[in-house]
Amino acid sequence: MATTGMQLLGLVLSIIGWVGGFLVCTLPMWRVTAFIGNNIVTAQITWEGLWMNCIWQSTGEIQCKVYDSLLALPSDMKAARGLLVLALLICTLSLTLGVLGIKCTQCVGLPSLKARLARVSGVLFVIAGFLILVPVCWTAHSIIKDFYDPYVAAPHKRELGPALYLGWGGSALLLIGGSLLYAGSNPPGIPSSPTFSSDSSPRRAGGAGQVKGYV
């Protein structure tokens, strides 16, 4: 039987992870300016994201510019765009299936169908979590490699932006929430833990009585 509390917890965690993934996709703070050297006074800070880059002036003014050409972008950025958009679409489908499949809703009448929908939703949430995790880790590895590369000039070095940390948190919530949603959606007739029948002891007692009667 499906565990309603586990289903609701998994669905709530997955929704929070979905919101985090949406923020990761839209925020321009994937790469930020690295402060290298003794001079800590900077006139501007550069933020780079998937869709635009922004420059924060020391006066408090922020100027953002959307990338002009898709073909001119690096291959890792184009792959990150595609994976994140695909992950958000999968999360939307998973949320619909999860609402239909959890036990406390009455949208679907058949318990077996509800359990299958909830399990499919959990699997899709886990897949979406992996799709978000891959570009985030890929970008972080690229930033760290360029930071310690002596052939990369200091003005071109970048540090990990807040969007990457948000991406790790959102992907973790999707992985945990999808797993809980799947684990709490056992189809009817399939117990979550092994059960043992209590009919064996009376039969044994009866059998022993019959033997005593023959003796």
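What you see below is based on every heavy atom in this structure, not just the backbone, and it leaves out hydrogens, waters and symmetry mates. Sequence positions, counted from 1, serve as the residue numbers for this chain.
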Margin query: Rounded at 0.5 Å granularity, tell me how far CG in Leu175 sits from CD1 in Ile127.
Written below: 11.0 Å
Notebook entry, point to check: Any side-chain heavy atom of Ile90 within less than 4.5 Å of one from Leu131?
Noted result: yes
Margin query: Is the shortest side-chain heavy-atom distance between Leu95 and Ile15 below 4.5 Å?
Written below: yes
Checklist line | Sidechain-backbone polar pair: Ser171 side chain, Leu133 backbone, donor-acceptor under 3.5 Å | finding: no
Next item on the list: Please tell me if the side chains of Lys114 and Leu100 come closer than 4.5 Å, counting only heavy atoms from C-beta onward.
Entry: no
Next item on the list: Grab the two heavy atoms, one from Gly101 and one from Leu117, that are nearest each other, plus how far apart they are.
Entry: CA-CB, 4.1 Å
Margin query: If we count only N and O atoms by modelled type, under 3.5 Å, do the side chains of Thr33 and Glu159 hold a donor and an acceptor together?
Written below: no
Notebook entry, point to check: When you look at Ser121 and Tyr182, which way does the side-chain contact (heavy atoms from CB on, under 4.5 Å) test go after all the steps?
Noted result: CA-CA 8 Å; Ser121 174; Tyr182 181 87; over 6 Å; no
Checklist line | side-chain contact (heavy atoms from CB on, under 4.5 Å) between Trp30 and Val136, worked out | finding: CA-CA 9 Å; Trp30 282 56; Val136 170; 4.3 Å; yes
Check: Any donor and acceptor pair, going by atom type alone, linking the side chain of Ser185 with main-chain N or O of Leu181 inside 3.5 Å?
Finding: yes
Check: What about Trp168 and Leu23, same hydrophobic cluster or not, with Ile/Leu/Val/Met/Phe/Trp/Tyr joined at side-chain heavy-atom distances under 4.5 Å?
Finding: yes
Next item on the list: Compare every heavy atom of Leu13 with every heavy atom of Gly177, then report the nearest pair and how far apart it is.
Entry: CA-CB, 4.0 Å
Margin query: Would you compute the distance between atom SG of Cys25 and atom CG of Leu84 and round it to the nearest 0.5 angstrom?
Written below: 5.0 Å
Check: Roughly how far, to the nearest 0.5 Å, is CE of Met52 from OG1 of Thr26?
Finding: 8.5 Å
Check: Can you name the nearest heavy-atom pair linking Leu174 to Ser14, along with the distance?
Finding: CD2-O, 3.3 Å
Notebook entry, point to check: For the side chain of Tyr67 and the backbone of Gly49, is there at least one donor-acceptor N/O pair under 3.5 Å apart?
Noted result: yes
Next item on the list: Using the side-chain contact (heavy atoms from CB on, under 4.5 Å) rule, take Leu11 and Ile102 through it: C-alpha gap first, then chi angles, then the decisive distance, then the call.
Entry: CA-CA 9 Å; Leu11 189 60; Ile102 58 176; 3.9 Å; yes
Check: Side-chain contact, heavy-atom cut-off 4.5 Å: Ile132 with Leu83?
Finding: no
Checklist line | Heavy-atom closest contact (Leu164 atom, Ile143 atom, distance) | finding: CD1-CD1, 3.9 Å
Note to self: Once salt bridge (Lys or Arg N to Asp or Glu O under 4.0 Å) is applied, what residue pairs with a partner in residues 48-61 remain, sequence neighbours excluded?
What the structure shows: Glu48-Arg158
Check: Is Lys65 reaching over with its side chain to a backbone N or O of Asn53, donor-acceptor style, under 3.5 angstrom?
Finding: no
Next item on the list: Go through the steps to decide whether Met77 and Leu50 satisfy the test side-chain contact (heavy atoms from CB on, under 4.5 Å), and finish with yes or no.
Entry: CA-CA 6 Å; Met77 188 175 294; Leu50 296 180; 4.1 Å; yes
Check: Under a single-linkage definition using a 4.5 Å side-chain heavy-atom cutoff for Ile, Leu, Val, Met, Phe, Trp and Tyr, are Leu160 and Val24 assigned to the same hydrophobic cluster?
Finding: yes
Checklist line | Common cluster, Val99/Leu180, ILVMFWY with side-chain heavy-atom separation under 4.5 Å | finding: no
Notebook entry, point to check: Is there a donor-acceptor pair closer than 3.5 Å between any side-chain N or O of Lys157 and the backbone N or O of Asp146?
Noted result: yes
Check: Side chains of Arg81 and Trp51: closer than 4.5 Å at any heavy-atom pair?
Finding: yes
Notebook entry, point to check: Does one hydrophobic cluster hold both Leu86 and Leu93, with members joined at side-chain heavy-atom distances below 4.5 Å?
Noted result: yes
Checklist line | Counterpart residues, disulfide bond (SG atoms under 2.5 Å apart), relative to Cys54 (two or more places apart) | finding: Cys64
Next item on the list: Heavy atoms only: give me the nearest Ala163-Leu27 pair and the separation to one decimal.
Entry: CB-CB, 4.4 Å
Next item on the list: Would you name the heavy atoms of Phe125 and Gly178 that are closest together and state the gap between them?
Entry: CB-CA, 3.9 Å
Margin query: I'd like to know whether Arg31 forms a salt bridge (charged side-chain N to carboxylate O under 4.0 Å, His left out) with Asp76, so could you lay out the CA-CA distance, the side-chain angles of the two residues, the decisive distance to 0.1 Å, and finally the verdict.
Written below: CA-CA 13 Å; Arg31 305 168 184 259; Asp76 57 343; 3.6 Å; yes
Margin query: Tell me if a side-chain donor or acceptor on Trp47 pairs with a main-chain N or O of Gly161 at a distance below 3.5 Å.
Written below: no
Next item on the list: Following the transitive rule for hydrophobic clusters with a side-chain heavy-atom cut-off under 4.5 Å over Ile, Leu, Val, Met, Phe, Trp and Tyr, establish whether Val120 and Val126 coincide in one cluster.
Entry: no
